[in-house]
**Student:** 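Following this message is one structure expressed as structure tokens.
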Amino acid sequence: MARDQWLAERFEADRRRLRRVAYRLLGSSTEADDAVQEAWLRLSRSDTGGIDNLSGWLTTVVARICLDMLRARRTREETLAALADRSAAANDIADFEQEELVADAVGLALAIVLDKLTPPERVAFVLHDVFDIPFREIAPILGRTTATARQLASRARRQVRGRPAIGVAELSGRRRVVAEFLDAVRAGNMDAIVALLDPDVVIRVDASASPGRRPVEARGPTAVARGALAFAARARSATVMLVNGAPGIAAAQGGRLRYALAMDIAEGRIRTIDVIGDTVRLRRIEFATID
């Protein structure tokens, strides 16, 4: 068998796994494809005679490419955000596929939180905690010692989990209410939504999150439930997570955070809902997963 054909077959056997690694590191389907293609180009130009573990070698190459892409992304976040906004309407199917991949294998909440990590923290955490790659193999990818790689993952883990601003019992109760609310919105069950709302409930939607691109405020269970149902289509890519230390909801599209719902809950009922879509406000929010 010719060398090029053998390499191509070996690479194709690993392509799906490499794409999974790249996607979890980058959170972007397009960028993941670019990283995998670059790995193929590097493989095709390399002397493979001294490679004992080709799959491991490819994983290392993809991880290094992703690390470089994450570092470059820091200098062009606004450009990426603009591109994502322009392409969102045309890529609903692709976006849904991406969101399903994240929700199934890693968790949408985790994917959202990963964006606040530094590139080395993100690589160390994802490779170790998601793909169970030993720190001794992660260290050369980062250009750090094994001990430093372990510290990076540990630091990332603390940020991912966050610190709830409320007690354990209160956290559990509020999480249940938020989860039931999200389920009811997805099901289009207005009665179930109303049952979770305080009689004096208020919903506030900022201009960036409002369909009319202007701030909206509504009061009362019926009006708020109707407003919540207007977000039913977006709820497919939403998840319950800590929003500034308390259970709330975050929604993504195309692998990027789009909206956050900060919720005030008392005695098992939702009193206020703030729907935030403004990118500046979203950056100020502390997101974390809920164990």
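Residue numbers run from 1 in the order of the sequence given.
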**Student:** Drop me the distance from S28's OG to D33's CG, to the nearest 0.5 angstrom.
**Tutor:**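 Between atom OG of S28 and atom CG of D33 there are 8.5 Å.
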
**Student:** Under 4.0 Å between a side-chain nitrogen and a carboxylate oxygen: does that hold for R163 and E286?
**Tutor:**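 E286 and R163: not salt-bridged.
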
**Student:** Please report the C-alpha distance between L7 and W40 in whole Å, then the side-chain angles of each, then the deciding distance to 0.1 Å, and finally whether the side-chain contact (heavy atoms from CB on, under 4.5 Å) criterion is met.
**Tutor:** CA-CA 9 Å; L7 278 182; W40 161 249; 4.2 Å; yes

**Student:** Please round to the nearest 0.5 Å and tell me the distance separating atom CD1 of I112 and atom OG1 of T239.
**Tutor:**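 With rounding to 0.5 Å, CD1 (I112) is 7.0 Å from OG1 (T239).
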
**Student:** side-chain contact (heavy atoms from CB on, under 4.5 Å) between I138 and H128: does it pass, once the steps are laid out?
**Tutor:** CA-CA 8 Å; I138 297 172; H128 182 267; 3.7 Å; yes

**Student:** Using the rule that Ile, Leu, Val, Met, Phe, Trp and Tyr join whenever any side-chain heavy atoms are under 4.5 Å apart, tell me whether I51 and L41 fall into a single cluster.
**Tutor:**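 Yes, I51 and L41 fall within the same hydrophobic cluster.
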
**Student:** Is the shortest heavy-atom distance from the side chain of L197 to the side chain of R269 under 4.5 Å?
**Tutor:**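 No. Closest side-chain heavy atoms not under 4.5 Å.
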
**Student:** For S172, check side-chain hydrogen bond (donor to acceptor under 3.5 Å, both in side chains) against everything at least two apart and list the hits.
**Tutor:**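 Scan of S172 (side-chain hydrogen bond (donor to acceptor under 3.5 Å, both in side chains), adjacent residues dropped) gives none.
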
**Student:** Surrounding CG of N53 (heavy atoms of other residues, nucleotides or ligands, distance under 6.0 Å), is the total greater than 12?
**Tutor:**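 Yes, enclosed.
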
**Student:** What I'd like to find out is whether the side chain of I249 reaches to under 4.5 Å of the side chain of M241, using heavy atoms alone.
**Tutor:**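 In short, these two side chains do not touch, never coming nearer than 4.5 Å.
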
**Student:** Would you compute the distance between atom CZ of F135 and atom CG of L142 and round it to the nearest 0.5 angstrom?
**Tutor:**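 The CG atom of L142 is 10.0 Å from CZ of F135, to the nearest 0.5 Å.
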
**Student:** Are the side chains of R144 and P120 in contact, using a 4.5 Å heavy-atom criterion?
**Tutor:**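 With C-beta onward as the side chain, the pair touches.
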
**Student:** Taking only distance into account, with no hydrogens and no angle test, what donor-acceptor pairs under 3.5 Å do side-chain atoms of residues 209-228 form with protein atoms, sequence neighbours excluded?
**Tutor:**
unit_1 : atom_1 : unit_2 : atom_2 : d
S210   : OG     : G212   : N      : 3.3
S210   : OG     : R214   : O      : 3.0
R213   : NH1    : S208   : O      : 2.5
E217   : OE2    : R219   : NE     : 3.3
E217   : OE2    : R219   : NH2    : 3.0

**Student:** Hey, what do you get for CG (L182) to CZ (R236), rounding to the nearest 0.5 Å?
**Tutor:**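 These two atoms lie 13.5 Å from each other.
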
**Student:** Between L114 and V130, is there shared hydrophobic-cluster membership here, with clusters defined by ILVMFWY side-chain heavy atoms closer than 4.5 Å?
**Tutor:**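 Result: yes, single cluster for both.
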
**Student:** Checking E121 against T118: is there a side-chain donor and acceptor pair closer than 3.5 Å?
**Tutor:**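 Distance-only check passes for T118 and E121.
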
**Student:** When rounded to the nearest 0.5 angstrom, what distance separates CD1 in I265 from OG1 in T272?
**Tutor:**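 Taking CD1 in I265 and OG1 in T272, the distance rounds to 9.0 Å.
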
**Student:** Hey, quick one: are I290 and V178 part of the same hydrophobic cluster, counting side-chain heavy atoms closer than 4.5 Å, chains of contacts allowed?
**Tutor:**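 Yes.
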
**Student:** What I'd like to find out is whether the side chain of L43 reaches to under 4.5 Å of the side chain of L54, using heavy atoms alone.
**Tutor:**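 A side-chain contact under 4.5 Å exists here.
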
**Student:** Short question: side chain of K116, backbone of Q159 - any donor-acceptor pair under 3.5 Å?
**Tutor:**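 Yes, the answer is positive, given that a donor and an acceptor are paired below the 3.5 Å cut-off.
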
**Student:** Does the side chain of R19 pick up a donor-acceptor pair with the side chain of S29 at under 3.5 Å?
**Tutor:**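 There is such a pair (donor and acceptor under 3.5 Å, judged by atom type) between the side chains of R19 and S29.
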
**Student:** With rounding to the nearest 0.5 angstrom, report the CD to CZ distance, E170 to R175.
**Tutor:**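 Output value for this atom pair is 14.5 Å.
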
**Student:** Would you call R155 and L117 a side-chain contact if the rule is heavy atoms closer than 4.5 Å?
**Tutor:**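 No, every pair of side-chain atoms sits at 4.5 Å or beyond.
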
**Student:** According to a hydrophobic-cluster definition based on side-chain heavy atoms being under 4.5 Å apart (Ile, Leu, Val, Met, Phe, Trp, Tyr only), do L110 and V21 belong together?
**Tutor:**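 Yes; tracing contacts between hydrophobic side chains, which count when under 4.5 Å, links both residues.
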
**Student:** Between R186 and A238 (side chain of the first, backbone of the second, donor and acceptor by atom type, cut-off under 3.5 Å), is there such a pair?
**Tutor:**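 Here the side-chain-to-backbone pair exists.
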
**Student:** Less than 4.5 Å apart, side chain to side chain, heavy atoms only: is that true for F11 and V36?
**Tutor:**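 Counting from C-beta outward, F11 and V36 do come under 4.5 Å.
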
**Student:** Is there side-chain contact between T59 and R17, with heavy atoms separated by less than 4.5 Å?
**Tutor:**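 The answer is yes; the side chains approach within 4.5 Å.
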
**Student:** Does NZ or CZ of R24 lie under 6.0 Å from the centre of the six-membered ring of F131, at an angle within 45° of the ring axis?
**Tutor:**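 Geometry flag: not set, cation outside 6.0 Å or 45°.
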
**Student:** Whether the side chain of S154 engages the backbone of R150 through a donor-acceptor N/O pair (distance < 3.5 Å, no angle test) should be reported.
**Tutor:**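 Absent.
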
**Student:** Report, one line per pair, each donor and acceptor closer than 3.5 Å where one atom sits in a side chain of residues 189-196; sequence neighbours left out.
**Tutor:**
unit_1 : atom_1 : unit_2 : atom_2 : d
N189   : OD1    : D191   : N      : 3.3
N189   : OD1    : A192   : N      : 3.0

**Student:** Considering only heavy atoms from C-beta outward, does the side chain of V275 approach that of I273 to under 4.5 Å?
**Tutor:**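 The answer is yes; the side chains approach within 4.5 Å.
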
**Student:** For the hydrophobic clusters of this structure (ILVMFWY residues joined by side-chain heavy atoms under 4.5 Å, transitively), does one cluster hold both L242 and L257?
**Tutor:**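 Different hydrophobic clusters.
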
**Student:** Please determine if D198 and R271 form a salt bridge, counting it only when a charged side-chain N lies under 4.0 Å from a carboxylate O.
**Tutor:**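 Salt bridge flag = no for R271 with D198.
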
